[in-house]
Amino acid sequence: MGDEGSNYMTSFKRVSEICFSRIYKVLLWPDWIFKFTPTYRDMKFHTKVMRKFLTKIMDQKKLQYLNGNKEESKVKKKALIDVLLQQHFENQVLKDEDIREDIDVLIIGGHETTATIVAWTLFLLGLYPDIQKQVHEELDKVFGEDVERYASESDLSDLKYLDCVLKETQRLYPAASFWAREVSEDINICGYTLPKGSSFVLPAMILHRDPEVFPDPDKFDPDRFSAENSVNIPEYAYIPFSVGPRNCIGQRFGVLEMKTIVSTILRSYRVESLDGRDVVLPVMQGFLRSSVPIRVRIRPRKSQ
């Protein structure tokens, strides 16, 4: 995506910061007050940067489509934007704004979350060399000495321990640290009534630290998610991708992405974190970011 793509992500992070800061400042809740603040003008600027970038991508794709790439769009496997444009031009189902919003969701929800979890995973593995060693042993068992071979779906399925590591990482540092819902009917929870139409928040990061479900909850222990232990975790006690009918539609793809990226890195390298968990603290800003940059030292495994 180049510099424009980098600017897009910078603007997205700034918009996220503004949205979350507004949540904690009650006086900024009314739009008519918020619109008179410098923060509002800052948000408008960064929103414009994001829109300009997505519009440019859409215009390029539209031009390709109208210039005769329709045959390519008929192949079985095609990019999401090509599917959306087909619905726009041929079926008139989607408007430009609909496509732009879908691409926004794909870039932000499908890639920022993956990058966040990969960063936290490498950070934790860099702090716990014994666990990292077990991951290396599993990778060597699955891939042997061939560090160049692309990981197949079968390879990723065989990475059982890495799967546990990723799940435990998301327990401690869920990329989406809370989920919001609107109550569709009056409901009683532990003696408290939530009236219809009210909103409530499920704080995943707090829920994942319930000591009744996860003993010694702050400990990084991937074995919690081994085949024999995971059966004891209630379905609604662990919700890194939300839960129920409105859970994350791309969670299976996201897991494959994370396993591919982490396994590719660790097949050739070992990591060492330069700061502890007492220094690198989680911060809720749209996604669960780190309070300071995550610093890791990366060395070739052959030098061990």
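These numbers come from the heavy atoms of this one structure, side chains and all, not from hydrogens, waters or symmetry mates. Remember, it's a predicted structure, so these values are computed and weren't measured experimentally. Quick note: residue numbers are just sequence positions, from 1.
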Minimum heavy-atom distance between [X] and [Y], given as atom pair plus value:
| X | Y | result |
| --- | --- | --- |
| G276 | L127 | CA-CD2, 4.1 Å |
| L194 | V183 | O-CG1, 3.9 Å |
| L125 | Q132 | O-NE2, 3.0 Å |
| L256 | T260 | O-OG1, 2.7 Å |
| L172 | F220 | CD1-CD1, 3.8 Å |
| I239 | W179 | O-NE1, 3.1 Å |

Can a salt bridge be assigned to the pair [X] and [Y] using a cut-off of 4.0 Å between side-chain N and carboxylate O?
| X | Y | result |
| --- | --- | --- |
| D140 | R301 | yes |
| R22 | D31 | yes |
| K141 | D158 | no |
| D275 | R295 | yes |

Do [X] and [Y] have side-chain heavy atoms sitting under 4.5 Å apart?
| X | Y | result |
| --- | --- | --- |
| R181 | S242 | yes |
| T169 | V165 | yes |
| V255 | F241 | yes |
| R289 | K13 | yes |
| I294 | S273 | no |
| S16 | C19 | no |
| I131 | P222 | yes |
| M205 | F178 | no |

Are [Y] and [X] linked, directly or through intermediate hydrophobic residues, by side-chain heavy-atom contacts shorter than 4.5 Å (ILVMFWY only)?
| X | Y | value |
| --- | --- | --- |
| Y24 | L27 | no |
| F123 | V283 | no |
| I298 | L274 | no |
| F225 | V118 | no |
| F20 | F200 | no |

Look up atom [atom1] in [X] and atom [atom2] in [Y], then write down how far apart they are to the nearest 0.5 Å.
| X | Y | atom1 | atom2 | value |
| --- | --- | --- | --- | --- |
| Y128 | R277 | OH | CZ | 4.5 Å |
| H46 | R41 | NE2 | CZ | 13.0 Å |
| L124 | E168 | CG | CD | 8.5 Å |
| C164 | E138 | SG | CD | 8.5 Å |
| R224 | D221 | CZ | CG | 5.0 Å |
| M258 | K167 | CE | NZ | 10.5 Å |

For this session: Starting from the C-alpha separation in whole Å, work towards a yes-or-no answer on side chain to side chain contact (heavy atoms under 4.5 Å, CB included) for S11 and F53.
Result: CA-CA 11 Å; S11 292; F53 175 68; over 6 Å; no
Is there a donor-acceptor contact under 3.5 Å linking the side chains of [X] and [Y]?
| X | Y | result |
| --- | --- | --- |
| Y269 | R297 | no |
| S199 | E182 | no |
| D155 | S152 | yes |

For this session: Assign the ring pair H208 / F214 to parallel, tilted or perpendicular, where the plane angle (0 to 90°) is split at 30° and 60°.
Result: perpendicular
Problem set entry | With V15, the side-chain contact (heavy atoms from CB on, under 4.5 Å) member among D42, V49, T47 | T47
Exercise. Which of these, L139, D223, L166, sits in a side-chain contact (heavy atoms from CB on, under 4.5 Å) with Y161?
Worked result: D223
For this session: May I ask you to check whether over 12 heavy atoms, not counting those of E212, lie within 6.0 Å of atom CD?
Result: no
For this session: Let me see the working for L162 and L156 under side chain to side chain contact (heavy atoms under 4.5 Å, CB included), right down to the final yes or no.
Result: CA-CA 9 Å; L162 178 58; L156 298 177; over 6 Å; no
For this session: I would like to know whether T55 and D59 meet side chain to side chain contact (heavy atoms under 4.5 Å, CB included); could you show each step before the answer?
Result: CA-CA 6 Å; T55 299; D59 289 344; 3.7 Å; yes
For this session: Quick one: do L28 and T37 satisfy side chain to side chain contact (heavy atoms under 4.5 Å, CB included)? Show the steps, please.
Result: CA-CA 9 Å; L28 295 182; T37 66; 3.8 Å; yes
Exercise. Hey, is the main chain of E17 close enough, under 3.5 Å, to the side chain of S21 for a donor-acceptor pair?
Worked result: yes
